[in-house]
**Q** 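Take this structure, written in structure tokens, and hold onto it; I'll ask about it next.
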Amino acid sequence: MTTAAELTVISELAALRENAALLGWMLDELDRTTFVVGFTAQDGSGFWCKVLCDGYKAQPPAWHWYNPETGTVDQSKDIPKKGGFFHDAGVICAPWNRLAYKSIDARGPHNDWSLGDWLTNPKTGACRSLSAMALRIHHELQSGMQGRMSA
């Protein structure tokens, strides 16, 4: 039986596929609620995210930094370095990233946000769809990203 999360992801993937094609992103759909998206940063380097959308939209997706060669997630050599949005702990600091919540991930910088109201958190901004979230990551990688956490 198809879940609500699967139906939501399916309905949002069309816009994500369109943006990926227009902006040259790599997009690989692994299953009905998991995909990998690859971005090119301002300096020409590549960054990938493995996105877990189980429970979406009741809870935000988990945006893991991903290495397509090894299949590992959240290794410092695969994480962009920038302050602010790309948090020093190695997670994307945004209400639309499940990993930003300390209650979900020990690296999460926020114990002051409630997972259940991520859509109404003012810091979510316009990022209420998978495509908008990916566009925000693309924007951040294009506007002053400063290398990788470690080489």
Side-chain angles (χ1 to χ4, degrees), residues 5 8-57 59-113 115 118-119 121-151:
T8 304
V9 172
I10 289 166
S11 72
E12 291 191 16
L13 276 176
L16 184 59
R17 280 188 212 103
E18 187 175 342
N19 282 337
L22 289 169
L23 295 167
W25 303 340
M26 185 279 302
L27 180 62
D28 186 14
E29 299 166 39
L30 303 179
D31 62 38
R32 294 175 120 183
T33 59
T34 307
F35 61 90
V36 172
V37 60
F39 305 96
T40 302
Q42 180 183 30
D43 65 1
S45 61
F47 289 91
W48 290 262
C49 288
K50 184 174 186 179
V51 188
L52 310 177
C53 300
D54 53 309
Y56 181 66
K57 274 191 160 173
Q59 63 182 0
W63 289 80
H64 289 277
W65 295 108
Y66 177 71
N67 185 313
E69 294 175 11
T70 65
T72 57
V73 295
D74 302 328
Q75 301 298 306
S76 60
K77 65 182 167 72
D78 303 316
I79 300 172
K81 179 174 66 173
K82 185 182 172 182
F85 182 79
F86 296 145
H87 198 271
D88 292 340
V91 299
I92 296 169
C93 184
W96 46 265
N97 179 22
R98 190 182 329 163
L99 305 176
Y101 296 81
K102 179 110 23 223
S103 62
I104 300 296
D105 190 306
R107 300 169 304 144
H110 288 280
N111 56 12
D112 57 328
W113 291 346
L115 190 65
W118 74 273
L119 283 165
N121 184 323
K123 294 193 183 293
T124 296
C127 295
R128 292 183 178 85
S129 71
L130 297 170
S131 186
M133 295 169 201
L135 281 167
R136 177 64 195 270
I137 294 168
H138 171 80
H139 171 76
E140 293 294 326
L141 288 169
Q142 291 295 313
S143 60
M145 185 272 314
Q146 302 168 359
R148 297 178 183 272
M149 288 186 76
S150 74

**Q** Trp25 vs His138 aromatic rings, parallel, tilted or perpendicular, using cut-offs 30° and 60°?
**A** tilted
**Q** Can you tell me how far CG of Leu52 sits from CD of Gln59, rounded to the nearest 0.5 angstrom?
**A** 10.0 Å
**Q** Could you tell me whether a side-chain N or O of Gln142 sits under 3.5 Å from a main-chain N or O of Thr40, the two making a donor and an acceptor?
**A** yes
**Q** Would Glu12 and Lys57 satisfy side-chain contact (heavy atoms from CB on, under 4.5 Å), going step by step from the backbone distance to the final call?
**A** CA-CA 11 Å; Glu12 291 191 16; Lys57 274 191 160 173; 3.2 Å; yes
**Q** Can you sort out the partners of Arg128 under salt bridge (charged side-chain N to carboxylate O under 4.0 Å, His left out), two or more places apart, ordered by chain and number?
**A** none
**Q** Using a 3.5 Å distance criterion without hydrogens, assess whether the side chain of Tyr56 forms a donor-acceptor pair with backbone atoms of Ala62.
**A** no
**Q** Between Asp43 and Ser45, which heavy-atom pair has the shortest distance, and what is it?
**A** OD1-OG, 2.5 Å
**Q** If you take all heavy atoms of Thr70 and Asn67, which pair is closest and at what distance?
**A** N-OD1, 3.1 Å
**Q** Could you give the distance from NE2 (His64) to OG1 (Thr34), rounded to the nearest 0.5 Å?
**A** 9.5 Å
**Q** Tell me whether Lys77 contacts the main-chain N or O of Ser150 through its side chain, where contact means a donor paired with an acceptor under 3.5 Å.
**A** no
**Q** List the atom of Trp113, the atom of Pro95, and the distance in Å for their closest heavy-atom pair.
**A** CZ3-N, 3.3 Å
**Q** Are Arg98 and Asp54 ion-paired here, with the side-chain N under 4.0 Å from a carboxylate O?
**A** yes
**Q** Show your working on side-chain contact (heavy atoms from CB on, under 4.5 Å) between Arg32 and Val9 and close with a plain yes or no.
**A** CA-CA 7 Å; Arg32 294 175 120 183; Val9 172; over 6 Å; no
**Q** How many angstroms lie between CZ in Phe39 and CG in Leu27, if you round to the nearest 0.5 Å?
**A** 9.0 Å
**Q** We want to know whether Asn121 and Thr124 form a side-chain donor-acceptor pair, criterion being a heavy-atom distance below 3.5 angstrom.
**A** no
**Q** Any heavy-atom pair between the side chains of Ser103 and Asn111 that's under 4.5 Å?
**A** no
**Q** For residues Phe86 and Leu141, determine if any side-chain heavy atom of one lies less than 4.5 Å from a side-chain heavy atom of the other.
**A** yes
**Q** I'd like to check the salt bridge (charged side-chain N to carboxylate O under 4.0 Å, His left out) partners of Glu18; sequence neighbours left out, ordered by chain and number.
**A** none
**Q** Please name the pair of heavy atoms, one in Ala94 and one in Ala100, separated by the smallest distance, quoted to 0.1 Å.
**A** O-CB, 3.5 Å
**Q** At their closest point, which heavy atom of Leu135 faces which heavy atom of Asn19, and how far apart are they?
**A** CD1-ND2, 3.4 Å
**Q** Should the ring pair Trp65 and Phe47 be called parallel, tilted or perpendicular, given that the plane angle runs from 0 to 90° and is split at 30 and 60?
**A** perpendicular
**Q** What closest approach, in Å, do Ser131 and Ala15 show between heavy atoms, and which atom pair accounts for it?
**A** OG-O, 3.6 Å
**Q** With rounding to the nearest 0.5 angstrom, report the CG to SG distance, Leu130 to Cys53.
**A** 4.5 Å
**Q** With heavy-atom distances below 4.5 Å as the criterion, would you say the side chains of Val36 and Pro68 are in contact?
**A** no
**Q** Report yes if some heavy atom in the side chain of Ile92 is under 4.5 Å from a heavy atom in the side chain of Arg136; otherwise report no.
**A** no
**Q** side-chain contact (heavy atoms from CB on, under 4.5 Å) for Tyr66 and Val73? Distances and angles first, verdict last.
**A** CA-CA 4 Å; Tyr66 177 71; Val73 295; 3.9 Å; yes
**Q** Atom CZ of Arg107 and atom CG of Leu99: how far apart are they, to the nearest 0.5 Å?
**A** 6.0 Å
**Q** At what distance, to the nearest 0.5 angstrom, does CG of Asp28 lie from NZ of Lys50?
**A** 10.0 Å
**Q** Could you pull out all residues at least two apart from Asp112 that satisfy side-chain hydrogen bond (donor to acceptor under 3.5 Å, both in side chains)?
**A** His110
